[in-house]
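All residue numbers refer to positions in the sequence shown, counting from 1.
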Amino acid sequence: MLLLVFGEHLSRNALLPAIAPRVDGTSNAISVNAFQVLQRIDAKLCSALGCLDRAVSDFAAWKITSAALLPENVREGLKSPANQSLLQVEIQNRLAIAALPPNLEITLTDAEESEIKSLQFSPQEWIPQTWQDTHPDVLKKGIPSGELLQIELPINLPPNAAGYRVRVLYP
């Protein structure tokens, strides 16, 4: 048993993200409760033995719950030469542990689904400033479990843009 406990402690940075359940309702309650017990044991081990508590970079942590591209000024319409739009995205860390914020990539497509333009936003650019102010160490500690962020990004659309895709990526 002692070997199992020390094995968990030594491999915790790889083990915890691998077994962390989802907090968005897709994992069963037994695995969520068992993981919470494991986290309490891990916290006690860390306080006794010391450990590096790092947030993870995991694509599976992120769920884009909604994305909508809206004209920034509806009244201006086609009068404005710059086709300004506002991309509204809701993104959630659905893992039971903190996850490092990824980059957001927006791919604009034409009517034939061919890529016209690709835009990439770093976490400093897409995480709302008010949220960054209340969580100044977000780039080290990550975004807490279950946190849902609502963001708005201004985008200049090319004239032939007909669609878009939003995805997360780690550089």
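Under a hydrophobic-cluster definition in which Ile, Leu, Val, Met, Phe, Trp and Tyr are linked whenever side-chain heavy atoms come within less than 4.5 Å, directly or via other members, Trp131 and Leu139 are assigned to the same cluster. Under the 4.5 Å side-chain heavy-atom criterion for ILVMFWY residues, no single connected hydrophobic cluster contains both Val23 and Trp62.
Evaluation of the ring-ring contact (aromatic ring centres under 6.0 Å, His included) test over residues 89-130, restricted to residues two or more places apart or in two chains, returns none. Under the ring-ring contact (aromatic ring centres under 6.0 Å, His included) criterion, the residue pairs touching residues 143-171 are Phe59-Tyr170, with sequence neighbours excluded. Applying the salt bridge (charged side-chain N to carboxylate O under 4.0 Å, His left out) test to pairs two or more places apart or on separate chains, those with a residue in residues 98-113 are Glu105-Arg167, Glu113-Arg165.
Between Ile116 and Asn160 the shortest side-chain heavy-atom distance falls below 4.5 Å. Taking 4.5 Å as the limit, every side-chain heavy atom of Gln88 sits out of range of all side-chain heavy atoms of Leu69. When side chains are defined from C-beta on, Leu148 does not count as touching Ile91, because their heavy atoms never get closer than 4.5 Å. For the pair Val166/Leu87, a side-chain contact is recorded, criterion being any heavy-atom separation below 4.5 Å from C-beta on. Gln120 is not listed as a side-chain neighbour of Leu104, based on a closest heavy-atom distance of 4.5 Å or more. Using a 4.5 Å cut-off on side-chain heavy atoms (C-beta onward), Val89 and Ile64 make contact. Counting heavy atoms from C-beta on, the side chains of Gln36 and Asn33 come closer than 4.5 Å. The closest side-chain heavy-atom distance from Val138 to Pro123 is not below 4.5 Å.
For the atom pair Ser85 OG and Leu153 CG, the distance stands at 12.0 Å (nearest 0.5 Å). Here the CG-CG distance, from Leu119 to Asn103, works out to 12.5 Å after rounding to the nearest 0.5 Å. Atom OG of Ser145 is separated from atom CG of Asn93 by 5.5 Å, given to the nearest 0.5 angstrom. Between the CZ atom in Arg94 and the NZ atom in Lys63 there is a gap of 6.5 Å [rounded to 0.5 Å]. Taking CG from Leu95 and CD1 from Ile19, the interatomic distance works out to 11.5 Å, rounded to the nearest 0.5 Å. Distance check: Leu70 CG to Gln84 CD gives 13.0 Å after rounding to the nearest 0.5 Å.
With sequence neighbours excluded, no residue forms a salt bridge (Lys or Arg N to Asp or Glu O under 4.0 Å) with Lys117. With sequence neighbours left out, the side chain to side chain donor-acceptor pair (under 3.5 Å) criterion links Gln129 to Asp133. Ser27 pairs by the side chain to side chain contact (heavy atoms under 4.5 Å, CB included) definition with Pro21, Arg22, Ser31, Val32, not counting sequence neighbours.
Between Ile127 and Gln132, the shortest heavy-atom contact is O-NE2, 2.8 Å. Closest non-hydrogen pair, Ile143 versus Pro101, comes out as CD1-CB, 3.8 Å. Nearest heavy atoms, Ala61 versus Ala99: CB-CB, 3.8 Å. Smallest separation of non-hydrogen atoms from Leu100 and Lys140: CD2-O, 3.9 Å. Contact between Pro102 and Leu169 at its shortest, heavy atoms only, is CB-O, 3.5 Å.
Between the side chain of Glu147 and the backbone N or O of Pro144 there is no donor-acceptor pair closer than 3.5 Å. Thr65 places a side-chain N or O within donor-acceptor distance of the main-chain N or O of Glu90, the cut-off being under 3.5 Å.
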